[in-house]
Amino acid sequence: MNSFMKIYRKLFDSYGPQGWWPLLSVDGTNPTKTGAVQGYHPGDYTYPKDEQQQFEICVGAILTQNTSWTSVEKALINLNKSNALNLKGIKRLSDGKIRERIKVSGYYNQKAKYLKEFIKFYESLQGKVPSREALLEVKGIGPETADSMLLFAFKTKSFIVDSYTKRLFLKLGIIDKKMNYDEIQRFIEESIDDDLTVYQEYHALLVEHAKRFPKGEIDPIISQFKGTSSS
DNA sequence: AACCAGGACGTGA
DNA sequence: TCACGTCATGGT
């Protein structure tokens, strides 16, 4: 087994299924997870169950750019109070109202613009799954946000390479710091199982691990893994 | 009180 | 291509 799958096994054995992506309508918490957030559905990979949940995931993906999920959850709750966590609902809100509702999640001016850009794009989809290239053409959707939407909202295998992922794999010495986003993504995708649930869980586990071991802290996964790789 | 949070964009070299 | 400044609120 290759290094990436070994690390995946180790993380999964340590933390268990994570139940991403969290949804306001899901009445469940994951007790193994750090922080007091709700909406996780560990072991249930049938989400999103409808277009409303799909839309909610996309909105959350934009709002969580460089922002903690606890803040994003508050913004989503604010939007939901205005019945604006769906396409038709959010279209009724004025720009100022959107900014006010999402203010808690930071960067609210540009994120309000990004949301409006995405709304136009989402309408044009007519229920179809977008390509990664099409998503990246939308202002405000970069590689990580695009991959988050693809993987969790549209259930399309596209590995998310976020800062946590780079940090851990760099420390482990299994990627090079000169590699760019697409190169890292390709390398990982060539190494891991061709399985949507593995893609989803792997990213969620990496985030959970990073929350437990912030920068500078001792990381048992690393100390146990180093030197044990045998491709 | 500095630092980080489930990044992306615009600019200039 | 890529390094850097900017965007902003909330929690530790």
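Note on naming: letters A, B, ... go to the chains in the order of the sequence lines (proteins, then strands), and numbering restarts at 1 for each one.
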Is it true that A/R132 and A/D182 have a side-chain N and a carboxylate O under 4.0 angstrom from each other?
-> yes
Do any side-chain nitrogens or oxygens of A/K215 fall under 4.0 Å of OP1 or OP2 in C/dT12?
-> no
Heavy atoms under 4.0 Å, any strand shown: does A/S163 hit a base, just sugar-phosphate, or nothing?
-> sugar-phosphate
Can a donor-acceptor pair be found between the side chains of A/S25 and A/K49 at a distance below 3.5 Å?
-> no
Taking only heavy atoms on the protein side, list every residue of residues 9-24 of chain A lying under 4.0 Å from any atom of DNA chain B, sorted numerically.
-> A/W20, A/W21
Residue pair A/K211/A/K139 against DNA chain B: nearer the 5' end by closest nucleotide is A/K211
Is any side-chain N or O of A/Y164 closer than 4.0 Å to OP1 or OP2 of B/dG6?
-> yes
Donor-acceptor pair under 3.5 Å, A/Y40 side chain vs B/dG6 base | yes
May I ask you to verify if any side-chain N or O of A/N109 is less than 4.0 angstrom from the OP1 or OP2 atom of C/dA8?
-> yes
Does the side chain of A/E201 pick up a donor-acceptor pair with the side chain of A/Y45 at under 3.5 Å?
-> yes
Looking only at side-chain atoms of A/Q65, point me to the closest of C/dC7, B/dA8, B/dA5.
-> B/dA8
Mind listing the closest non-hydrogen atom pair of A/G60 and A/W69 along with its distance?
-> O-CZ3, 3.9 Å
Would you jot down, in residue-number order, the residues of residues 173-199 of chain A having a non-hydrogen atom under 4.0 Å from DNA chain B?
-> none
